[in-house]
Amino acid sequence: MAVVTWTGAVSTTYSTDGNWDTGSKPTSSDDVIIANVTNDCVLTGSPTVNSLTVLSGARFNGNTETITVVGEADGSGATTNGYAVKFETGSEVVGTNTGITITTSAATNVLMQPTTGNVRDLTINHASAVVNIRNNTTLSRNLTITAGELTTTSDSHALTVTGDVDITGTLTGNASAISMGSLTINSGGTYSATSGTTTITSKNSSNYIMDLDGTFTHNNGTVRINSTGSGDQLVDLVPSSGTLYDLEINENSTNPVQYNGNTTIANDLTVVEGIFQFYDNNNSNLTVTGDVSIEDGGQLAASGWSGAGEFGSLSVASGGTYEATSGTTTITSEAGSGYAIEVSGTYTPNAGTLKITTDANTFVKILDDVNHLIIEPATATRVYEYVNNTTIQGDLTINAGRFTHYSSTYSLDVQGDCTINNTGELDGGSGSIELGSLTINSGGTYDATSGTTTITDETSGGYGLINSGTYTHNNGKLKIDFNTPNKDGHTIIQVNDLYDLEIDMNASNYEVKFDDTSGNATNILNNLDITQGVFESKDNGDTLTIHGLTNITSNGTFMPDANHDTNKIIHNGLVTNLGTYKINDGTTVKMNGGIRNLGTITVE
């Protein structure tokens, strides 16, 4: 082993013997020194050396060739002990076409960053190699780790690779700032990611920004995709082992970043700019254990997605968009702001379901964009507060917990069926509550608004309201209002005690039938108003007591069914009849408050 120094005595050609102080070009056992002389060294062929040192002031031109380093210097001459490659401060790489391959069979050090210029390609290719980067390093093209390890060391030197990073060995990022054009981890390869940020800026020739077939150890770090590419931009984020921790999409092109396969993010997903969506397989699931934040200009998913989405929390800023799956989006936790879901931008429901299972008291902001909503915390005493006037386009199902208002005046409009099960509770406050139908099953509770609860439709079983649980009226009104297009017909309300009841059907001959929950008795503790339609009992033998006023308009009819002849009707307040009041033969009617009749009274 010898130290061989470049003199450039004859020319700039590396392979010319006369350009070296020993009179012979270096061999694979030689430690090579490129000195600061008049003729710069221009690499020819693909030589192999034991080590390479480029001194301060020296200029080295790789000339599109690759030099292979098989060992490391021992400190002889101007070399530094333990270094396979060393570009000293003040050295230069001419052009961008210098390639270096390191096959050192032991732990070794490299100073890969000259003062001017950059190495183009770096390859690590020995199973026993552990190559320690000892300064901030930039490669102007590709990094390939075929075998062995490249590490930024505990000093966490920055590593920038303008082109592709291809790993079959190991890349260890420590806490470094790492930037690369694309990242491919082949089967058997490992990226032990920086605990800081890995930034991906482009894609490889197969259109993959990230293609993870090996091991990805996240170390609680962030992957930021910040590319500007055109055409397909794919990410395979399903490694054979491990997962990403934080993922940030900051895509400056108009082409979406598309994930391929069921994908899990161990912590947060942030879509700052651009679109993050599924690839061709629209059944792919997306699981984000932490917070999903979609910022102004960002979009998550696209129309046609039918896989499951499971997020710790979901925040959609003004200008952001969530194209919801047509399956189920499940929210399992809440953000630091205390919101399980906070929508200030666009939430496109795509006929899907939003399910919230957050096991904490939390806030919900969903505007009028959600299709179906399911409330189901693990702990029955959890309270979910909606923080604005809220519309649900489909059904609301409360299986556990209390769904209530942040301000008691906020309205809730459920255009489909509202079902309260098990230990669930809907708290109406004092705002307007409008429900397609209301089913309170055993164990469920509707703590009614002190304002008006309006029922606009009915269940598939023909019930506008069915109560097998607890209905607390809070001196509020129940209004059966089918007085909108395509909302007409006949319906049943099953409840024992109401405060105010108003019937307002789409036509005067459409019926609302009352049905007691138990005991064959229904009580209206204040007023009954029949604005339009028919109000009658569902079965024989029912007792109806109206403690307040009974007001029947010209389009209203009270108790028309002649078959119900064993009923008992008690009016404790004044009856004002402008429409039709029918008394069936055999029915007992008590008018303790008198009657003002300007309509029709018949006895059948």
Side-chain angles (χ1 to χ4, degrees), residues 225 233 235 237 244 246-251 254-260 262-265 267-279 281-358 362-375 384 386-396 415:
I225 295 178
Q233 299 194 97
V235 289
L237 305 179
L244 274 65
D246 288 332
L247 175 62
E248 180 181 306
I249 306 297
N250 193 3
E251 175 58 49
T254 58
N255 297 286
V257 176
Q258 302 172 81
Y259 64 90
N260 193 3
N262 296 335
T263 297
T264 297
I265 309 299
N267 198 44
D268 297 340
L269 168 64
T270 304
V271 186
V272 178
E273 190 81 22
I275 303 172
F276 185 57
Q277 68 174 70
F278 57 85
Y279 186 47
N281 179 10
N282 61 10
N283 293 317
S284 294
N285 300 331
L286 177 62
T287 301
V288 181
T289 305
D291 303 326
V292 173
S293 301
I294 307 171
E295 299 184 4
D296 183 8
Q299 178 177 321
L300 176 59
S303 177
W305 181 32
S306 60
E310 183 171 308
F311 312 142
S313 71
L314 176 61
S315 173
V316 185
S318 177
T321 299
Y322 175 51
E323 284 278 352
T325 172
S326 59
T328 300
T329 299
T330 302
I331 307 298
T332 62
S333 188
E334 65 178 3
S337 61
Y339 280 82
I341 181 169
E342 184 177 14
V343 178
S344 299
T346 299
Y347 182 114
T348 305
N350 295 309
T353 297
L354 173 65
K355 182 177 183 179
I356 306 177
T357 64
T358 304
T362 193
F363 297 118
V364 174
K365 181 180 180 182
I366 54 178
L367 301 176
D368 58 355
D369 302 312
V370 169
N371 186 38
H372 301 310
L373 175 62
I374 299 174
I375 304 297
Y384 294 179
Y386 54 92
V387 300
N388 56 311
N389 296 333
T390 297
T391 297
I392 298 168
Q393 297 178 11
D395 301 336
L396 169 63
Q415 296 176 359

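Note that these values count all heavy atoms, side chains included, but never hydrogens, waters or copies made by symmetry.
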Start with the C-alpha gap between Phe276 and Ile225, add the side-chain angles, then the distance that decides, and say whether side chain to side chain contact (heavy atoms under 4.5 Å, CB included) holds. CA-CA 10 Å; Phe276 185 57; Ile225 295 178; 5.7 Å; no
Go through it in stages, so that I can follow the logic: the residues are Thr391 and Gln415, the test is side chain to side chain contact (heavy atoms under 4.5 Å, CB included), and I'd like the CA-CA distance, side-chain angles, deciding distance and then a yes or no. CA-CA 8 Å; Thr391 297; Gln415 296 176 359; 3.5 Å; yes
Apply side chain to side chain contact (heavy atoms under 4.5 Å, CB included) to Leu300 and Phe311, showing your working. CA-CA 12 Å; Leu300 176 59; Phe311 312 142; 4.0 Å; yes
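Inter-residue side-chain proximity for Val343 and Val370 is flagged as unmet; no heavy-atom pair is nearer than 4.5 Å. The side-chain heavy atoms of Leu269 and Leu286, taken from C-beta on, include a pair separated by under 4.5 Å. Counting heavy atoms from C-beta outward, Asn388 and Leu367 have side chains that approach closer than 4.5 Å. Taking the side chain as every heavy atom from C-beta outward, Ile375 and Leu396 approach each other to under 4.5 Å. Between Glu251 and Pro256, the closest side-chain pair of non-hydrogen atoms is not below 4.5 Å. For the pair Asn371 and Asn350, the minimum side-chain heavy-atom distance is 4.5 Å or more.
Between atom CD1 of residue Ile294 and atom CG of residue Asp296 there is a gap of 12.0 Å, rounded to the nearest 0.5 Å. Atom OH of Tyr259 and atom CD of Gln277 lie 8.5 Å apart (nearest 0.5 Å). Note that CD1 of Ile331 and CD of Glu310 are 9.0 Å apart. Values are rounded to the nearest 0.5 Å. The CG atom of Asn283 sits 8.5 Å away from the OG atom of Ser326 when rounded to the nearest 0.5 Å. For the atom pair Ile341 CD1 and Leu354 CG, the distance stands at 4.5 Å (nearest 0.5 Å).
Listed for the Gln393 side chain is a donor-acceptor partner under 3.5 Å among the backbone atoms of Asp368. The backbone N or O of Gly327 sits less than 3.5 Å from a side-chain atom of Thr325, completing a donor-acceptor pair. For His372 (side chain) and Asp395 (main-chain N/O), a donor-acceptor pair under 3.5 Å exists by modelled atom type.
Taking all atoms of both residues into account, the shortest heavy-atom contact from Asn250 to Glu273 is OD1-CB, 3.4 Å. Minimum heavy-atom separation, Val288 to Asn267: CG1-O, 3.1 Å. The two residues Thr321 and Val316 come nearest to each other via the heavy atoms N-CG1, 3.9 Å. When all heavy atoms of Trp305 and Glu323 are compared, the closest pair comes out as CE3-O, 3.9 Å. Nearest heavy atom pair, residue Ser344 against residue Lys365, reads OG-NZ, 3.1 Å. When all heavy atoms are compared, the tightest approach of Asn255 to Gln233 is O-NE2, 3.1 Å.
Across Thr362, Thr332, Asp268, Asp291, a single residue satisfies side chain to side chain donor-acceptor pair (under 3.5 Å) together with Ser313, and that is Asp291.
Looking at residues two or more places apart in sequence or on another chain, you find a side chain to side chain donor-acceptor pair (under 3.5 Å) between Glu248 and Arg224. A search for side chain to side chain donor-acceptor pair (under 3.5 Å) contacts involving Thr390 returns nothing, not counting sequence neighbours. Contacts of Asp369 classified as side chain to side chain donor-acceptor pair (under 3.5 Å), with partners at least two apart in sequence or in another chain: none.
Between Tyr347 and Tyr322, the ring-plane angle classifies as perpendicular under the 30° and 60° cut-offs.
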